[in-house]
Amino acid sequence: MFQTIYIEHEVESLPYTQNIIQHFKNAQIKTIDKVEDYWGRVKKPYLQKRDNLNLYVGRKKGQLIKKAPDAYGTKNAEHYYFIHAYNCIYECEYCYLQGYFHTPDIVLYVNHEEIRNEMLQFIDEDKEVWFHAGEFSDSLALSHITNEWRDYWLFFQNHPKAKLELRTKSSNIKPLLDLPPISNIIITFSLSPEQEVKKFDHKTASLKARLKAIQELSQRGFQIGLHFDPVIYSEDYLARYRLLFQDVFQNLEEENLNYISLGVVRFPEKIYHQVQKNYPQSQLLAQEFIVSKDGKVRYPKPMRMKILNDLKKELLTFLNGQNKVYLCMED
Amino acid sequence: MKLLTFAHRAEAQAFHDKFDLKSCGENLFLNQDFMLLVTGEGLFEAMSECMKVLTLHPEISEVYNLGIVGNLGSQKLDEVASIRSVYAHDSSSPLFKSFTTSDPSASIDLLSFSQRVKDSQTKEKLALFAPLVDREAWAIGFVANRFKRPFYVFKYISDDADENTQCHFIKDSAFLYSQKLLSFFLNFHSGPQNEEEEERQLPEGLYFTRAQKLLYFKYQNLLETLGKEIPSEEIKKIMLLDITPKQKTGQLLNLMKELINPMTSIMQEELGKFLKPFTQIGAQVKTDNELESSELLIQYKIRNQSDIDRLKRGLELFDIKQFERFFEGEF
Ligand code: SF4
């Protein structure tokens, strides 16, 4: 998977790092002083991730936890995200990472203890505080190699008011299966109808595999979150999503459903240009987007609201009146 | 006209002979199809020489950089490689910009370094960025990029770039390397990628401006991706209309757009219904271009009392509440 692994001196001997090295016996290992001296220093085209992907392992310096944007997650709670990785092994055509960094090479930060220590500054035992992993990467795709979540489990068991969200398009749940389900760790899956997964989510787990993972976790009592985001318009979107909802709710125990978020596809203008460049044949480019005054490329308001309303209404029919649905960016 | 650039005359020798080039300036040679430029060694020389030629010769449609490179990693020696991305390093730090060649099958990267690599320490430092090193390709890429010309780099990997580099030996063998570059170049151009793009068919009986032609092909591609076709009876209807061929083309493009995005035409139809009280009295109504807000601009000429009455009636009939709900996706 990785051609070369660059490892900071400072973290070379950490068990997390050693574990990563063990998994990639064929990769060249090079030791460096600082990830920042090399990673993103030269512009590496995004699609080179297909055949020339490097990995950097280091210690994240500076601010480790940041306030999440307003429209992030459930209301009436504070939301933060933490940075434990940059970039992703998957290749979704709409992914905003394709224009975000100057390189597709992956960084894994292994100073998890420092991250958890910083979390303590934000935890308030009287308030619901969420910590989201996966703002810049997929939280579970490499977790069998990075092996970090076990340590977060212990931490969150001791802080029941704080919540941890692990967000994924993988079905890589093996590392979680020998951990006990706890109510404040929520595993969230991003889902789209099968046709869309096949068309736009390259290299991710198939829809079937993701549904199976949901079923397995749910049966064991894990809290599950669902992101139907990004919804990409097709003439029969409602029928496609209806089918998807049926499949999902067949696999999910109701009491284990924590929340659902819904959002339609949208891009900052810069990212949209990257999509045009990287996927000139993409069906995404056949969509009728507008560029709004704030520089976002998205569907016209009536259209995006109609899609969200239609899907929310449909979802509610599966939820026995419980409103666990949040509209992303529009609510 | 293709521009072939080399750092040294000896590297260009086989091309010179094969294409029977005639001198047309200092270090510049020419026949009907090719222009060959010997730039001299180094980033600045290559950049200034290439810039000069491209400025004076707008007929140049493609730019090639060919020559010998040193190995920084474990690439096989004595082979010609088509380069994917070119980076640069000015001996103190890497330069941020990189240039990707137009060869989609290329898979090896190259670093253009500001000096000759003469020791293993430098080799190791540079190897963190790319497996091959030369001294000019980045500069040629820079110029080609500026002039928006396709750019290719073919390099013969002669030896390892370190203290063992034998400049004399390389010089002596340059003609041999030049022949290998030539046969790679000729092979590259005998492949299917060099075939002229098939002239695509436009429907008969219509008049297309250049912009309309491009739009037509774009829509056609998108329809293909969606697995849709323009119904032939719809085309027939357009052909029978008593309008100019150019207007017919406009109608055809609208039809294609509707097929790609049925939601857009549904929205336009809805809007039309809302605005009917105004349009039917001959008022000009302007809605927000991006449909982000429900503001309306109505322009209506009042000449007499009956115009006032008509406008009043129009305003009474216009259902603003419904109109606002349309923007919330209720339609
Ligand atoms: S899984 Fe997420 S982070 Fe990874 S490519 Fe897809 S959208 Fe991007």
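In what follows, chains carry the letters A, B, and so on, assigned in the order in which the sequence lines appear, proteins first and then strands, with residues in each chain numbered from 1. Just so you know, these numbers come straight off a predicted model, no measurement behind them. Note that these values count all heavy atoms, side chains included, but never hydrogens, waters or copies made by symmetry.
Looking at A:I32, only its side chain comes within 4.5 Å of chain B, counting heavy atoms on both sides. Contact of B:Y87 with chain A is made through the side chain alone, with heavy-atom distances under 4.5 Å. Proximity to chain A is limited to the side chain of B:T100, based on heavy atoms less than 4.5 angstrom apart. Neither the backbone nor the side chain of A:F289 comes within contact range of chain B, judged by heavy atoms closer than 4.5 Å. Within the 4.5 angstrom heavy-atom criterion, no atom of B:F99 approaches chain A. Looking at B:M263, the atoms closer than 4.5 Å to chain A (heavy atoms on both sides) sit in the backbone and in the side chain alike. Proximity to chain B (any heavy atom under 4.5 Å) is restricted, for A:Y299, to the backbone atoms N, CA, C and O. For B:L128, the parts lying under 4.5 angstrom from a heavy atom of chain A are both the backbone and the side chain.
Ion pairing of B:K273 with B:E269 is absent here, as no side-chain N (NZ or NE/NH1/NH2) approaches a carboxylate O to less than 4.0 Å. A salt bridge does not link A:R298 to B:E290: none of the charged side-chain nitrogens sits closer than 4.0 Å to a carboxylate oxygen.
Per-residue counts of heavy-atom pairs under 4.5 Å with chain B were compared for A:K199, A:R50, A:K44, A:Q28; the largest is that of A:K44. The most heavy-atom pairs under 4.5 Å with chain A, out of B:K257, B:K97, B:E124, come from B:K257. Contacts with chain A were tallied for B:E330, B:E328, B:M267; B:E328 has the most, counting heavy-atom pairs under 4.5 Å.
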Steps toward side chain to side chain donor-acceptor pair (under 3.5 Å) verdict (A:D51, B:S107): CA-CA 8 Å; A:D51 50 6; B:S107 61; 5.3 Å; no
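Between B:I108 and B:A81, the shortest heavy-atom distance links the atoms CD1-CB, 3.8 Å. Between B:S112 and B:W138, the shortest heavy-atom distance links the atoms OG-N, 3.0 Å.
Aromatic ring orientation, A:Y233 versus A:Y237: tilted (interplanar angle from 30° to 60°).
Between the side chains of A:D105 and A:Y6, no donor N or O sits under 3.5 Å from an acceptor N or O. No hydrogens or angles considered: a donor-acceptor pair under 3.5 Å links the side chains of A:Y279 and A:E91.
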